[in-house]
Amino acid sequence: MPVYEFTCQSCGEAFEALVWSHSEVKDVGCPHCGSQQIRRRISAFAAIGRGRSTAGGGEGACSTGGG
C-alpha cells in the first residue's frame, strides 16, 4: 500500500495518507480541516538499511584501481 504525500489547498497542511489504489486518491481529505481540495506532492524515495551502500547495482559495479 503506497504512502502519498499531500498539501491541503485550503489550510496549507502537509500530510501523508496510505492509499490502497491510485483511484482512491480522490477520496482523501485533509485530516486538519476536512477539505477535499488537496494536491499530491512530489516525494523523494528514501530507504534506510544496514550495510554498505552500492551505487550502480551491486558489488564491483564501480570498481576503481588496478586489477
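Note that the structure is a prediction, hence the values are computed from the model and not measured. Worth knowing before you read on, the calculation uses all heavy atoms, side chains too, and leaves out hydrogens, waters and symmetry mates.
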Exercise for the section: Heavy atoms only: give me the nearest V25-I38 pair and the separation to one decimal. Expected result: O-CD1, 4.5 Å
Practice task
Could you tell me the separation between the OG1 atom of T7 and the CZ atom of R39, rounded to the nearest 0.5 Å?
Solution key: 9.0 Å
Handout entry: R41 CZ to E16 CD distance, which is reported to the nearest 0.5 Å
Key = 8.0 Å
Donor-acceptor contacts, no H, no angles, side chain residues 26-35, under 3.5 Å, sequence neighbours left out:
{"residue": "K26", "atom": "NZ", "partner": "S23", "partner atom": "O", "Å": "3.4"}
{"residue": "S35", "atom": "OG", "partner": "S10", "partner atom": "OG", "Å": "2.9"}
{"residue": "S35", "atom": "OG", "partner": "Q37", "partner atom": "N", "Å": "2.9"}

Handout entry: Contacts of type ring-ring contact (aromatic ring centres under 6.0 Å, His included), residue F6, not counting sequence neighbours
Key = F15
